[in-house]
Amino acid sequence: MTSEYNPKEIEASIQEYWNQTNTSSVSKIDTPKYYCLSMFPYPSGKLHMGHVRNYTIGDVISRFKTMNGFNVLQPMGWDAFGLPAENAAIENNVAPNIWTEKNISHMKQQFKKLGFGYDWSREINTSNPDYYKWEQWFFIQLFNKGLVYRKESEVNWDPVDETVLANEQVIDGKGWRSGAIVQKRKIDQYFLKITDYCEDLLEGLNTLTDWPSQVKLMQENWIGKSNGISFDFNISDSNKKFRVFTTRPDTIFGATYCAIAAEHPISLSLAENNSEIAAFIESQKNLDKTAASMAKLEKKGIDTGLKAIHPITKELLPIWIANFILMDYGEGAVMCVPAHDQRDWEFATKYDLDIRQVIAGSSEDTDITLSAIEEKGNLINSNTFDGLNFEQAFNRISKVLVAEANGNVEVNYKLRDWGISRQRYWGCPIPIIHCDKCGILPVNEKDLPIQLPEIENISTRGLNLNSFEEWKKTTCPNCSNSAQRETDTFDTFFESSWYFARFAGPSDSAMLSEESKYWLPVDQYIGGIEHAILHLLYARFFNKLMKEQGLIENSEPFTKLLTQGMVLADAYYYLNEDGNPVWLNKSNVSESEKGLISVEGKKVIKDGMSKMSKSKLNGVDPEDLMERYGADTIRLYTMFAAPADQSLEWSDTSIEGSARFIKRLWNLVDSMRFQNLQEPIELEKIAKELRYKTHKTLQKVTNDLGERGSYNTPIAATMELINAIPEDFKSKEIIENNKFVVQELISYVLRMLHPFIPHVTLELLKRFENKKLVDIDLSWPQLRKDLLILDEVEIVIQVNGKVRGKMLCSSDSEQQHIEPLALQHENVAKFVDPENLVKVIYIKNKLINLVVK
RNA sequence: GGGGAUGUGAUGGAACUGGUAGACAUGCUUGGCUUAGAACCAAGUGCCGCAAGGCGUGGGGGUUCGACUCCCUCCAUCCCUACCA
């Protein structure tokens, strides 16, 4: 009567049932609603473990909410524009759209095999004109509102491939494909005024009570609000001046030099007559200005010979050109206070410039010869300002600077406007027309969408719209003369900034339909922690823009956020002749007497756990695992192995444990059949305890899934419950009252595990309850609070905080009853002389701590 | 450099509000089953110690009757850093 667990067969038949009954497609407008969204993937070819983890979490939550009576929307789509499609096009000579379509159809099959319950009727492909038409339409609204502007800004230019490179395509200052030294080029690009919304975005964070606090903190720091002052420095023996910005006017008496950017107008004008300065500026021209590489930058500078006049002391300060000052930030010039700013300190130490302490350190061992003192404190060596604290000094010194140096106290934000232009082919065309006479104009709305041109022959260099001569030709919407289309495309963050709303209300006649108002906001959003800042900030920004446009009603897009950790695995490499690492897949590494060796016999070094990636060859293919264990096992393992918000370390042996558990569950349940039994009035002790544990487990699992957002612990709790079934309760001779208890347990276990392993639990319920799949009641079990009351509890007896004994007592006993019993406890008595008892701490139903001298 | 996390047995982790550290699982050891192996089943498994007991949550310090949990400090690892998505 029992059979062997066969995941392939079971999963195929359950999925077939879901397909036929269309279980995941929502049409009703019904309360309570629950919109559960996982970040949609880039269709890179096949799913990786990070995807599996992300989407399993979403599916568990969705199924749990469905079982609890919610009308659940769980959609899925494709963030289809992006670089990899262009790279694939060049490498394999396939058009990006064809490559993308192929990937989507494969990944969609994988999604279905994993048993994720998506409403595919709402599928979005962002590279589809039906989708990006509305993105273009929305951009035009923003353009007309004055939220879009053009500004010159730098791009990475590969002179060999004649293409613009993304930051990740620049390796050690060279183009990844051509190897050519990457140049910086300035071109006109579109920007969106996100900085107009700094305060809104900051304040909105306070309303996001169900977001992880570290994500809110990261966004707050990214927006980076600070108070500061900008003011002028006059240059000695000249009528010229330059402006600086500082958040630390309290340190102004410690300013010993000024630094300006290489691209600063003063630098450029000096370079005309000074070959040394010109050479220095030239040497810094192709500097990689990403924050990460600026951090590693060796600080370099050159003395201009000019002197700035200190606005208060009138001292003359040397002006240096420094490579760590960027023209794009602030004023492109700073006053340098080496005693109280670490960068200034390093620069001053290197070039032997004065260091003057003007803030008292908080402890005695602070020493400005070793490093800068960046903390705030009371002023010293600052003339009449000595003794003031930061706030007082800020206010009083600012007043002087306002009066004497054209100063202006201002609120500053680190957040910069969003550069949305990309010089690419595989992206959404920016709907702008350039007319010689009328200038830059948005496309007429009736002409939308502006579709991408079909690719004819794929260049081996980079792809971009600029090379589509025919496509570029158009007419001016204003004067009807011949004009040119904009050839930049949107940053792909544009598409992912509003897809969540489109899922909620797709429509042919509007960006969003009325239905979106029912579903929005997203109740639960799930995605990688790596999106904590950019994607989530842009989506919040778009949400505000859409609200202003009257498209939606809610102020924030995602009510609850879960940021999942990364999937890591061991990586292995050996060093080649040039001393560079050659990465190896684990299957090509073996253990020998000499340690790890590769199949070629090279000495292999274990790099430890790192993010699964193509470059390190340490990825695990979910497809292989699916073939070996089935979807339920993978789902169970990814949820069980680590808390969802922490990184998950891959282990080949550990997944076996999950497979084994399902097999054990199968063997246990498949040997039992449900009989309709009366709830017994009286139970023997052991049965009563088991029933208590069943309901206690339900309480924990419900709380973990519903409130705590903990997805590994419910699995452990359920395993524990199964382990607690006494051996004789599984036998055929079991008495009827006990049989009731086991049946209840099994039926609860299958439902509690259903969100995690939906196929096997459904199949087991079908067999156990002897029902057709459609007739199975999948609602969440009801908690019986009356069964959670215990007659007896175990009290821990501590002496000076150390456990010395335990005893059973009737629950809710008072201290006066417990204390004498504790003192009488055999082992406790050894440690306590009642005469030395100084204090007794009693925590009801938990412990008693006897404190002795 | 800046910002954010993490650190508990051999390993992944649990301990939810300051109250029994190590649940659950992996690995390992022993035994059963088997011609053998795999699978499965049973028992054991933080460290030191014969035991009593002592020690133990990255290191050091503090608060507390009591600290994985709170505070200070140091160290290590990982992620993000604005054109990867």
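Letters go in sequence order (proteins before strands), and every chain restarts at 1. Predicted model, so just to flag it, every value in this text is computed and none were measured.
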> Tell me what A:Gln342 touches on the nucleic acid: a base, only sugar-phosphate, or nothing, going by heavy atoms under 4.0 Å.
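No contact.
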
> If you find the nucleotide of RNA chain B closest to A:Ile841 and the one closest to A:Lys289, which residue's nucleotide is nearer the 5' end?
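Counting from the 5' end, the first nearest nucleotide belongs to A:Ile841.
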
> Look at all strands and tell whether A:Lys806 reaches a base, only sugar-phosphate, or nothing, counting heavy atoms closer than 4.0 Å.
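Base contact.
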
> Hey, does A:Gln169 reach any base, or is it just sugar-phosphate, or nothing, if we go heavy atoms under 4.0 Å?
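Result for A:Gln169 = nothing.
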
> Could you give the distance separating B:G2 and B:C74 at their P atoms, to the nearest angstrom?
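Each nucleotide's P atom is 13 Å from the other's.
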
> With P as the reference atom in both, quote the distance from B:A25 to B:G44 in angstrom, rounded to an integer.
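Between the two P atoms, the distance is 14 Å.
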
> Write down the distance separating the P atoms in B:C78 and B:C71, rounded off to the nearest Å.
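Comparing P positions in B:C78 and B:C71 gives a spacing of 25 Å.
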
> Any base atoms under 4.0 Å from A:Lys216, or only sugar-phosphate, or nothing? Heavy atoms, all strands.
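If one applies the 4.0 Å heavy-atom cut-off, A:Lys216 turns out to touch nothing in the nucleic acid.
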
> With a 4.0 Å cut-off on heavy atoms, is A:Gln189 in touch with a base, just the backbone sugar-phosphate, or nothing at all?
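Answer is base: heavy atoms of A:Gln189 come under 4.0 Å of a base.
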
> Convert the base pairs of RNA chain B into dot-bracket notation, remembering that pairs crossing earlier ones are written with [ ] and that bases paired across to another strand are shown as |; include only Watson-Crick or G-U pairs under 3.5 Å.
(((((((..(((......[....)))((((((.......))))))(((....)))..(((((..]....))))))))))))....

> For A:Phe831 and A:Tyr637, take the nucleotide of RNA chain B holding the closest heavy atom to each; which residue's nucleotide lies nearer the 5' end?
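Mapping each residue to its closest nucleotide by heavy atoms, the 5'-most match is A:Tyr637.
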
> When the aromatic ring centroids of A:Phe500 and A:Tyr525 are compared, is their separation below 6.0 Å?
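Centroid distance A:Phe500-A:Tyr525: not below 6.0 Å, so no.
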
> Inspect the surroundings of NZ in A:Lys350 and state if more than 12 heavy atoms from other residues, nucleotides or ligands are less than 6.0 Å away.
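Enclosed.
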
> Between A:Phe490 and A:Tyr190, does a ring pair (Phe, Tyr, Trp, His ring centres under 6.0 Å) hold up when you go through it step by step?
CA-CA 9 Å; A:Phe490 286 130; A:Tyr190 294 88; 8.4 Å; no

> Between the side chains of A:Asp491 and A:Arg422, is the shortest nitrogen-to-carboxylate-oxygen separation below 4.0 Å, so that they form an ion pair?
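Salt bridge flag = yes for A:Asp491 with A:Arg422.
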
> Classify the nucleic acid contact of A:Asp341 as base, sugar-phosphate or nothing, counting any heavy atom under 4.0 Å across all strands shown.
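No contact.
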
> First and last nucleotide of RNA chain B touching chain A, 5' to 3', heavy-atom cut-off 4.0 Å?
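From 5' to 3', the first and last contacting nucleotides are B:G1 to B:A85.
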
> Assign A:Met566 to base, sugar-phosphate, or nothing according to its heavy-atom contacts below 4.0 angstrom with the strands shown.
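Sugar-phosphate contact only.
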
> Using the P atom as the point on both nucleotides, what is the distance between B:A76 and B:U17, in whole Å?
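These two P atoms come out 31 Å apart once rounded.
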
> Once you apply a heavy-atom cut-off of 4.0 Å, does A:Ile843 come out as touching a base, just sugar-phosphate, or nothing?
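A:Ile843: base contact, heavy atoms under 4.0 Å.
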
> Looking for any heavy atom pair under 4.0 Å, which part of the strands does A:Ser421 touch: base, sugar-phosphate only, or nothing?
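Base: the residue A:Ser421, judged by heavy atoms under 4.0 Å, touches a nucleobase.
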
> Give the ring-plane orientation class for A:Trp666 versus A:Tyr5, where under 30° counts as parallel, over 60° as perpendicular and anything between as tilted.
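Judged by the thresholds at 30° and 60°, the geometry between A:Trp666 and A:Tyr5 is tilted.
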
> Taking the P atom of each, how far is B:U69 from B:U8, in whole Å?
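B:U69 and B:U8 have their P atoms separated by 13 Å.
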
> C1' atom, B:G54 versus B:U64: distance in rounded Å?
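Per the computed distance, 23 Å lies between those C1' atoms.
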
> Say you pick atom C1' in B:G19 and the same atom in B:C70; how far apart are they, in whole Å?
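Result for the C1' pair: 14 Å, nearest Å.
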
> Can a salt bridge be assigned to the pair A:Glu374 and A:Arg248 using a cut-off of 4.0 Å between side-chain N and carboxylate O?
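No, no charged N to carboxylate O under 4.0 Å.
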
> Salt bridge (Lys or Arg N to Asp or Glu O under 4.0 Å): which pairs involve residues 704-726 of chain A, sequence neighbours left out?
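Every pair satisfying salt bridge (Lys or Arg N to Asp or Glu O under 4.0 Å) with a residue in residues 704-726 of chain A: A:Lys693-A:Glu720, A:Lys700-A:Asp704, A:Asp704-A:Arg708.
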
> Have A:Thr195 and A:Asp417 got a donor and an acceptor in their side chains that come within less than 3.5 Å?
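Result is yes, a qualifying pair exists.
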
> When all nucleic acid strands are considered with a 4.0 Å heavy-atom cut-off, which category describes A:His535: base, sugar-phosphate, or nothing?
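Contact class for A:His535: none.
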
> With under 30° as parallel and over 60° as perpendicular, where do the rings of A:His531 and A:His535 fit, or are they tilted in between?
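Because their plane-to-plane angle is over 60°, the rings of A:His531 and A:His535 count as perpendicular.
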
> Over all strands shown, is A:Gln423 touching base, sugar-phosphate only, or nothing at heavy-atom distances under 4.0 angstrom?
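Base, at least one base heavy atom under 4.0 Å.
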
> For A:Pro643, report the nucleic acid contact type (base, sugar-phosphate, nothing); a contact means any heavy atom under 4.0 Å.
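It contacts sugar-phosphate atoms only.
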
> Will you find, in the side chains of A:Lys184 and A:Asn156, an N or O donor that is under 3.5 Å from an N or O acceptor?
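Side chains of A:Lys184 and A:Asn156: pair found under 3.5 Å.
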
> Assign B:G31 to syn or anti; the rule is syn for a glycosidic angle within 90° of 0 and anti otherwise.
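For B:G31, whose glycosidic angle is more than 90° from 0, the conformation is anti.
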
> By the 4.0 Å heavy-atom rule, please label A:Ala292 as base, sugar-phosphate, or nothing.
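Contact class for A:Ala292: base.
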
> Validate the cation-pi geometry between A:Arg804 and A:Phe831: distance from NZ or CZ to the six-membered ring centre under 6.0 Å, angle to the ring axis within 45°.
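Yes, cation above the ring, under 6.0 Å and within 45°.
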
> With sugar-phosphate meaning primed atoms plus P, OP1 and OP2, does A:Arg422 contact a base, only sugar-phosphate, or nothing at under 4.0 Å between heavy atoms?
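Since a base atom lies under 4.0 Å of A:Arg422, the category is base.
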
> Which whole number of Å gives the distance between the P atom of B:C50 and that of B:A43?
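To the nearest whole Å, 27 Å.
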
